[in-house]
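Residue numbers start at 1 and run along the sequence shown. Any value given below was found using the heavy atoms of this structure, including those in side chains, with hydrogens, waters and symmetry copies removed.
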Amino acid sequence: MTDRDTTPNEWDTRDYDDDHAFVFEYGEDVVGLLDPEPGERILDLGCGTGHLSAAIADGGASVVGLDRDPAMLAEARAAHPDVPFVRGDARRVPFDGAFDAVFSNAALHWIPDQASVTASVAAALRPGGRFVAELGGAGNVSTVVEAARAAAAARGYDIESPWYFPTVGEHATLLEEYGFEVRYATLFDRPTELAGGESGLASWLDMFGDSLLAPIPADERDAVVADAAERARDALFDGTSWTADYRRLRFVAVRD
């Protein structure tokens with residue numbers, strides 16, 4: 001994942017690729033939407049451990065993966081040595097007019113300053129280049145967030161969602177402000193089963209919740225997570241596994 005303006009998340013790359021592999025597995029559909037052509041030059045923005053960068057490259061495109069997290073990049077380089085991976089900030093992409101397309105999966109919602117990201121992507125694209133991405137959309141994991149907020153409030157702490165989860169209208173307007181024509185945009189429910197059985201939601205919060213739970217002292221975090229799981233249990237747990245209430249926003253936009 002790329003730049004995070006909130007409290008940085010601590011990424012366990014092995015756990016990310018194993019118990020949370022759904023992140024890049026679902027992203028394979030977004031690669032299909034990108035429809036990369038042989039010879040195209042494509043930037044994977046927020047490439048994480050690089051599996052989708054490699055999938056794009058397998059079709060003959062020239063791919064550069066960009067991420068801010070050193071652990072993610074180290075894993076990506078080890079797993080996919082034929083793909084170049086660079087460390088960088090999504091708000092300041094270090095390329096100018098270099099790409100036919102910018103691709104991003106499950107990364108943009110980590111960055112509140114979407115104006116800078118969108119301007120940076122526009123600058124990295126050639127005229128007529130396309131921006132194809134999926135991110136969390138309005139209402140994403142709202143049950144999880146509300147359960148965590150209630151658990152924190154019960155202990156005297158105030159937490160808010162740190163993520164950028166826009167509506168179609170909000171994000172399409174932003175893209176248009178920076179010279180993109182939105183060709184396709186959709187917001188959809190994508191209930192997502194979490195690995196780990198009974199501990200699935202706690203594992204999810206451990207992987208993705210550092211910024212959400214930042215106000216909670218370390219010695220109280222486990223208790224808050226356990227309480228949040230109890231509050232969300234009726235809505236998200238079927239007795240065997242947890243299903244998080246994911247909602248995704250997917251779009252294709254073309255630079256003027």
Pairing of [X] and [Y] as salt bridge, 4.0 angstrom limit:
| X | Y | answer |
| --- | --- | --- |
| Arg248 | Asp29 | no |
| Glu198 | Arg233 | yes |
| Arg149 | Glu160 | yes |

field: Criterion salt bridge (Lys or Arg N to Asp or Glu O under 4.0 Å) on Arg130 and Glu181, from CA distance to verdict
entry: CA-CA 9 Å; Arg130 64 198 187 280; Glu181 179 180 81; over 6 Å; no

- prompt: Partners of Phe85 by ring pair (Phe, Tyr, Trp, His ring centres under 6.0 Å), sequence neighbours excluded?
  reply: none

Any donor-acceptor N/O pair, [X] side chain to [Y] backbone, under 3.5 Å:
| X | Y | result |
| --- | --- | --- |
| Ser116 | Asp113 | no |
| Arg247 | Ala138 | yes |
| Arg92 | Gly88 | no |
| Glu176 | Thr173 | no |
| Trp204 | Leu194 | no |
| Asp245 | Pro191 | no |
| Ser53 | Cys47 | no |
| Glu170 | Thr167 | yes |
| Thr243 | Ser241 | no |

State, with a plain yes or no, whether a side-chain heavy atom of [X] is found less than 4.5 Å away from one of [Y].
| X | Y | answer |
| --- | --- | --- |
| Leu135 | Pro166 | yes |
| Thr118 | Leu175 | yes |
| Val86 | Val64 | yes |
| Leu108 | Tyr164 | no |

Hey, what's the ring geometry for [X] with [Y], parallel, tilted or perpendicular (30° and 60° as the breaks)?
| X | Y | value |
| --- | --- | --- |
| Phe99 | Phe95 | perpendicular |
| Phe251 | His171 | tilted |
| Trp163 | Trp110 | perpendicular |

- request: Report the distance from atom CG of Leu66 to atom CG of Leu73, rounding to the nearest 0.5 Å.
  value: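 So the CG of Leu66 and the CG of Leu73 are separated by 7.5 Å.
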
message: So, taking the atom named CG in Leu33 and the one named CD in Glu134, what distance separates them when rounded to the nearest 0.5 Å?
response: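 Reported value, rounded in 0.5 Å steps: 9.0 Å.
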
task: Scan Val132, Leu45, Val30 and name whichever one has a side-chain contact (heavy atoms from CB on, under 4.5 Å) with Asn105.
output: Val30

query: Which one of Val254, Val121, Asp256 satisfies the side-chain contact (heavy atoms from CB on, under 4.5 Å) criterion with Phe180?
result: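 Result: among Val254, Val121, Asp256, Val121 is the only option passing the side-chain contact (heavy atoms from CB on, under 4.5 Å) with Phe180.
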
- prompt: Does Tyr184 share a hydrophobic cluster with Leu34, counting links as ILVMFWY side-chain heavy atoms below 4.5 Å and allowing steps through other members?
  reply: yes

message: Are His109 and Phe165, when compared by the centres of their aromatic rings, separated by less than 6.0 Å?
response: yes

query: Going by distance alone, is a donor N or O of one side chain under 3.5 Å from an acceptor N or O of the other, for Asp206 and Ser203?
result: no

